[in-house]
J.: 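Would you mind keeping the following structure in view while I ask a few things?
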Amino acid sequence: MFVPCDHGSGGPSASSDFDGFTLLVPAVSVGNVGQLAIDLVISTLDMTKVGYFYTDCLVPMVGNNPYATAEENSTELSINAEVYSLPSRKLVVLQIRSPFIKNKYRPFCQALLSWVQTSKCARVILLSSSHAYQRDDEQLLGTPLRYLLTPALEKSVEGLMQGLKWKEMEKVAAYPGISDTEKVLHIPGGGITKLLFTECCSEGIQMAVLLKFCSEGDNIPDAFALVNYLNEWLQLIKNESSNSTAISSQWKIPSSWRLLFGSGLPPALF
């Protein structure tokens, strides 16, 4: 359930305030790549927090402002699921900061899609990742980035994807080594990705999945690759160079990333 902020900063006061917006959501997936990519979007575009997504499907958490820019706003509190908006770009973002509680994937997907429909979002883009070591032979070829489109969105953007020379996520054999005739969508390590995608297909919701094959570790480069992939489509920042390093340098790294791998060893230990 979406709960608007009450700080009087012009945040939404009704569900219809996202009419026609594109909603970005991360999957809590391998390497937390989607969440890191969403961090870069929020920080770079200086998006305003407009509310919270209240749910019992995520592990409760509270922390300081992950996008603090000064001492004055560093003590603002953040929780496990928050909503940020940029009306000038018709963009709304749901950032998820904690893991799912066991057996709560389906209730969360149902709650999310209910909000998508009542808020009248035009489309949903899920940023996700999948285990690199579980790719089949076909998925080992070319780029590690893939996309999926629901039938409701396919007609309007499929030509654009082909123009960008993107690769659609391949289906794999349901019974590898036994039979290759039956193919299924398999996204190991993708969290809610497959479930949310299939639910959107059956509900007629316009949704795209953008994902990257990766492994656990330092996943900052994967996050940059995924957000650059998203930017090829949405043009959130100006693409003045074809050099991926130059493009990546235009994204603003949030202050919270300084503690991504902990705060270091205390000198007193030595």
Side-chain angles (χ1 to χ4, degrees), residues 24-41 57-59 61 80-81 94-109 112 124-150 161 164-201 207-233 244 248 257 260-262:
L24 295 183
V25 185
V28 183
S29 51
V30 55
N32 305 108
V33 175
Q35 294 153 290
L36 293 171
I38 290 287
D39 266 351
L40 290 170
V41 171
C57 300
L58 297 167
V59 174
M61 65 135 287
N80 55 8
L94 170 62
Q95 177 61 303
I96 300 172
R97 298 195 179 93
S98 68
F100 283 88
I101 293 171
K102 189 176 180 180
N103 299 325
K104 288 287 190 176
Y105 277 8
R106 191 170 295 277
F108 179 83
C109 289
L112 177 62
V124 181
I125 300 176
L126 183 72
L127 302 184
S128 183
S129 51
S130 183
H131 284 301
Y133 73 89
Q134 289 192 249
R135 286 174 291 177
D136 70 0
D137 291 347
E138 190 179 1
Q139 291 171 339
L140 287 167
L141 300 173
T143 174
L145 295 156
R146 294 292 189 276
Y147 77 93
L148 284 166
L149 301 174
T150 61
M161 302 309 185
L164 292 170
K165 297 181 179 178
W166 282 11
K167 290 189 73 171
E168 189 173 4
M169 182 68 171
E170 301 90 346
K171 290 186 176 181
V172 300
Y175 307 103
I178 301 172
S179 171
D180 292 332
T181 55
E182 187 181 346
K183 300 277 189 176
V184 294
L185 184 63
H186 186 50
I187 309 175
I192 64 169
T193 305
K194 182 179 176 180
L195 175 61
L196 190 62
F197 179 73
T198 53
E199 289 287 316
C200 284
C201 287
M207 180 195 180
V209 175
L210 307 187
L211 68 81
K212 187 179 187 297
F213 294 116
C214 67
S215 303
E216 292 279 6
D218 180 358
N219 295 104
I220 290 175
D222 298 308
F224 277 112
L226 186 60
V227 79
N228 286 338
Y229 190 52
L230 172 70
N231 194 60
E232 286 181 37
W233 177 13
S244 60
S248 294
W257 282 24
L260 211 55
F261 300 102

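As the structure is a prediction and not an experimental result, all values here were calculated from the model.
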J.: Okay, side chain of Q139, backbone of D136: is any donor-acceptor separation there less than 3.5 Å?
T.: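 Pair found, side chain donor or acceptor close to backbone of D136.
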J.: Rounded to the nearest 0.5 Å, what separation is found between the CE atom of M207 and the CG atom of L126?
T.: 4.0 Å
J.: Quick one: do T143 and Y229 satisfy side chain to side chain contact (heavy atoms under 4.5 Å, CB included)? Show the steps, please.
T.: CA-CA 11 Å; T143 174; Y229 190 52; 5.9 Å; no
J.: State, with a plain yes or no, whether a side-chain heavy atom of L148 is found less than 4.5 Å away from one of L185.
T.: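 Yes - at least one pair of side-chain heavy atoms lies under 4.5 Å apart.
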J.: Considering non-hydrogen atoms only, spot the tightest contact between P99 and V28 and give its length.
T.: CA-CG1, 4.3 Å
J.: Closer than 3.5 angstrom, by distance alone: can the side chain of N219 be matched with the main-chain N or O of S215 as a donor-acceptor pair?
T.: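 It does hold such a pair.
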J.: side-chain contact (heavy atoms from CB on, under 4.5 Å) with L226: which of I38, L36, L210?
T.: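 Of the listed residues I38, L36, L210, the side-chain contact (heavy atoms from CB on, under 4.5 Å) partner of L226 is L210.
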J.: Do R146 and F213 have side chains that get closer than 4.5 Å, going by heavy atoms?
T.: yes
J.: Could you check whether K183 pairs with E170 (Lys NZ or Arg NE/NH1/NH2 to Asp/Glu carboxylate O, under 4.0 Å)?
T.: no
J.: Rounded at 0.5 Å granularity, tell me how far NE2 in H131 sits from NE2 in H186.
T.: 9.5 Å
J.: Look at the aromatic rings of Y147 and W166 and report parallel, tilted or perpendicular, splitting at 30° and 60°.
T.: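 Tilted: the ring planes of Y147 and W166 meet at 30° to 60°.
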J.: Does I96 offer a backbone N or O that forms a donor-acceptor pair with the side chain of Q35 under 3.5 Å?
T.: yes
J.: Can you name the nearest heavy-atom pair linking C201 to T150, along with the distance?
T.: SG-CG2, 3.8 Å
J.: For the atom pair CD1 (I192) and NZ (K104), what is the distance rounded to the nearest 0.5 Å?
T.: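 Going from the CD1 atom of I192 to the NZ atom of K104 covers 14.5 Å.
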J.: Quick check: does any side chain N or O of S98 sit under 3.5 Å from a backbone N or O of V59, one acting as donor and the other as acceptor?
T.: yes
J.: Quick one: OH on Y133 to CD on E216, what's the gap to the nearest 0.5 Å?
T.: 9.5 Å
J.: Less than 4.5 Å apart, side chain to side chain, heavy atoms only: is that true for L230 and L24?
T.: yes
J.: In Å, rounded to the nearest 0.5 Å, how long is the span from OG of S130 to CD1 of I187?
T.: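 Rounded to the nearest 0.5 Å, the OG-CD1 separation comes out at 6.5 Å.
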J.: How close do L58 and F108 get, counting heavy atoms only, and between which atoms?
T.: CD1-CE1, 4.4 Å
J.: Got a donor-acceptor contact below 3.5 angstrom from the D222 side chain to the I220 backbone?
T.: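 No, because the side chain of D222 does not come within donor-acceptor range (under 3.5 Å) of the backbone of I220.
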J.: Compare every heavy atom of T193 with every heavy atom of G190, then report the nearest pair and how far apart it is.
T.: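 G190 and T193 have their closest heavy atoms at O-OG1, 2.5 Å.
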J.: To the nearest 0.5 Å, how far apart are CG in N231 and CG in L40?
T.: 11.0 Å
J.: So, for C57 and P107, which heavy atoms are closest and what is the spacing to 0.1 Å?
T.: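 Smallest interatomic distance, heavy atoms only, reads SG-CB, 3.9 Å.
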J.: Got L211 and L145 here, is their nearest side-chain heavy-atom distance under 4.5 Å?
T.: no
J.: Is there a donor-acceptor pair closer than 3.5 Å between any side-chain N or O of S129 and the backbone N or O of V30?
T.: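 Yes; judged by distance alone, with no hydrogens or angles, the pair exists.
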